[in-house]
Engineer: 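Just dropping this structure here.
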Number of protein chains: 2
Amino acid sequence: MSMDTKETILSAARAAAQAHGYGGLNFRDLAAQVGIKAASLHYHFPTKADLGAAVAKRYWQDTAAALEAMRGEMPDAGDCLRRYPSIFRRSLENGNRMCLCSFMAAEFDDLPEAVRDEVENFANINVSWLSETLVAAGLTDPAEAEKRARAIFAAVSGAQLLARSRADITLFDELVGSYRQAGLLPG
Amino acid sequence: MSMDTKETILSAARAAAQAHGYGGLNFRDLAAQVGIKAASLHYHFPTKADLGAAVAKRYWQDTAAALEAMRGEMPDAGDCLRRYPSIFRRSLENGNRMCLCSFMAAEFDDLPEAVRDEVENFANINVSWLSETLVAAGLTDPAEAEKRARAIFAAVSGAQLLARSRADITLFDELVGSYRQAGLLPG
DNA sequence: ACCTGAACACCGTTCAAGT
DNA sequence: ACCTGAACACCGTTCAAGT
């Protein structure tokens, strides 16, 4: 019961933050969606900073799990890299939302320290996975892998941001296509 | 006098929005900075939406002017393209701020229609300039220029976003370097 | 353990009214 | 033309009280 409510809060807060950011996240709307009162949220998460950090942490953990699963299911590392943008595509499919941590990256100045740390973790697990996968695919010199991984992560994030601003998911696909054509991503 | 106040508001609002976004922009702090009361701001800009649209409009107009100036000063189109990321670098240099319109792209869901339109204009003038400059540099088939231009715009935006989240401008430089290495930007 | 109503201090926004 | 006080709606948060 307790765990159910906490999980419900986490997932509702995640969806809200992917649409409105950390600043746009508010306890009253969130509580209404969960079916409790705003004051009750503080039983589960003492402060907004606690909630924000918990949401961002769960977010990168889920992403890390999805990336691991991808490597487990697809034997070819090149195939995994070709599929990587689909992780970001999914947010756009889900109500033109965006990556929680991209939104929070923009909000950097107003983020509690604990939340910033989780945003950093998100970037780190993406870069690590890309780095390892690039090397496994034999596409990059190991010494250059992390640099290349960061470039892919940043570029795909930017593609999502631009596509969101037009509410046009085909634009995301086109941008990813252009990255492939340019050689940033494996074709 | 009137024009001075309005200009002061616009420039203070721009700086604030580049750090805190449209949602984080607040009339009281802004008014204090300008030296009037919060309520007085509404004489110059009836609503926050009006202010946001005016700031975003001025922002893309300034950017368009800077890009035109670059083309005027540098005869070589390739040199202009190599310099393009410096426009985005400047925001990071200025207190780790970011492109106003990237921030607003994230805030898409909560943006008044008039503000959305100016965000779109910003992207359009960037893509147009890049497109023309790519063709002038003989780097891209005219039929493909706009697609390539959008990819550059999105990728550089993403690099700025990631660099901001680490408050690390050297990361921006590294990412731009990687884009060049990958062939997205001219070396 | 889990939730709530009521209250708190605060802040952005609006508007009628001032000069 | 330009500005303001005061009211309003909303925010995160607290806490004593309920189940």
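Order of the sequence lines fixes the chain letters, A, B, ..., with proteins taken first and strands second; residue numbering starts at 1 for each chain.
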Engineer: Sort out for me which residue in A/Arg150, A/Arg148, A/Lys147 forms a salt bridge (charged side-chain N to carboxylate O under 4.0 Å, His left out) with B/Glu174.
Structural biologist: A/Arg150
Engineer: So, for B/Phe88 and B/Phe172, is the gap between ring centers shorter than 6.0 Å?
Structural biologist: no
Engineer: What is the distance from CG of B/Leu41 to P of D/dG5, rounded to the nearest Å?
Structural biologist: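 Roughly 14 Å, once rounded to whole Å.
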Engineer: Please step through salt bridge (Lys or Arg N to Asp or Glu O under 4.0 Å) for the pair B/Asp117 and B/Lys57, ending with a clear verdict.
Structural biologist: CA-CA 9 Å; B/Asp117 290 345; B/Lys57 183 178 186 173; over 6 Å; no
Engineer: So does B/Ala53 get a backbone contact from the side chain of B/Glu118, meaning a donor-acceptor N/O pair under 3.5 Å?
Structural biologist: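 Between the backbone of B/Ala53 and the side chain of B/Glu118 there is no qualifying donor-acceptor contact (under 3.5 Å).
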Engineer: I'd like to check B/Glu107 versus A/His20 (side-chain heavy atoms, cut-off strictly below 4.5 Å). Are they in contact?
Structural biologist: no
Engineer: Determine whether a donor-acceptor pair (N or O, by modelled atom type, separation under 3.5 Å) exists between the side chain of B/Arg116 and the backbone of B/Met104.
Structural biologist: no
Engineer: Test your reading of the model: is there a side-chain donor-acceptor pair from A/Arg166 to the backbone of A/Ala163, 3.5 Å cut-off?
Structural biologist: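 Not confirmed, A/Arg166 side chain does not pair with A/Ala163 backbone.
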Engineer: Check whether any side-chain N or O of A/Thr47 sits under 4.0 Å from OP1 or OP2 of D/dT14, and answer yes or no.
Structural biologist: no
Engineer: In whole Å, I'd like the distance from the NZ atom of A/Lys48 to the C1' atom of D/dT13.
Structural biologist: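 Between C1' of D/dT13 and NZ of A/Lys48: 12 Å.
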Engineer: Tell me whether the guanidinium CZ or amine NZ of B/Lys6 lies under 6.0 angstrom from the six-membered ring centre of B/Phe45 and within 45° of its axis.
Structural biologist: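 Yes, B/Lys6 and B/Phe45 form such a contact.
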Engineer: Quick one: is C/dC3 close enough that its OP1 or OP2 comes under 4.0 Å of any side-chain N or O from A/Tyr43?
Structural biologist: no
Engineer: What N/O pairs connect the protein and nucleotides 15-19 of chain C at under 3.5 Å? Give each pair on its own line.
Structural biologist:
none

Engineer: What are the residues of residues 16-37 of chain B, sorted by number, that bring a heavy atom to within less than 4.0 Å of DNA chain D?
Structural biologist: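 Here the set is B/Ile36, B/Lys37.
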Engineer: Rounded off to whole Å, could you give me the CG-to-C1' distance for the B/Asp110 and C/dT13 pair?
Structural biologist: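 From B/Asp110 CG to C/dT13 C1': 17 Å.
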Engineer: Are there runs of at least three consecutive Watson-Crick or G-U pairs touching DNA chain D, with each pair's two distances under 3.5 angstrom? Give them by first number.
Structural biologist: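 Paired runs of 3+ in DNA chain D: C:4-8 with D:12-16, C:12-16 with D:4-8.
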Engineer: Give a yes or no answer on whether the side chain of B/Asp141 reaches the backbone of B/Glu144 with a donor-acceptor pair at less than 3.5 Å.
Structural biologist: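 Not at all, since once roles are kept as given, no pair shorter than 3.5 Å links the two residues.
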Engineer: When you measure from the centre of the six-membered ring of B/Tyr22, is the NZ or CZ of B/Lys48 under 6.0 Å away and within 45° of the axis?
Structural biologist: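 Here B/Lys48 passes the 6.0 Å and 45° test against B/Tyr22.
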Engineer: Aromatic ring centroids of A/Phe122 and A/Tyr59 under 6.0 Å?
Structural biologist: yes
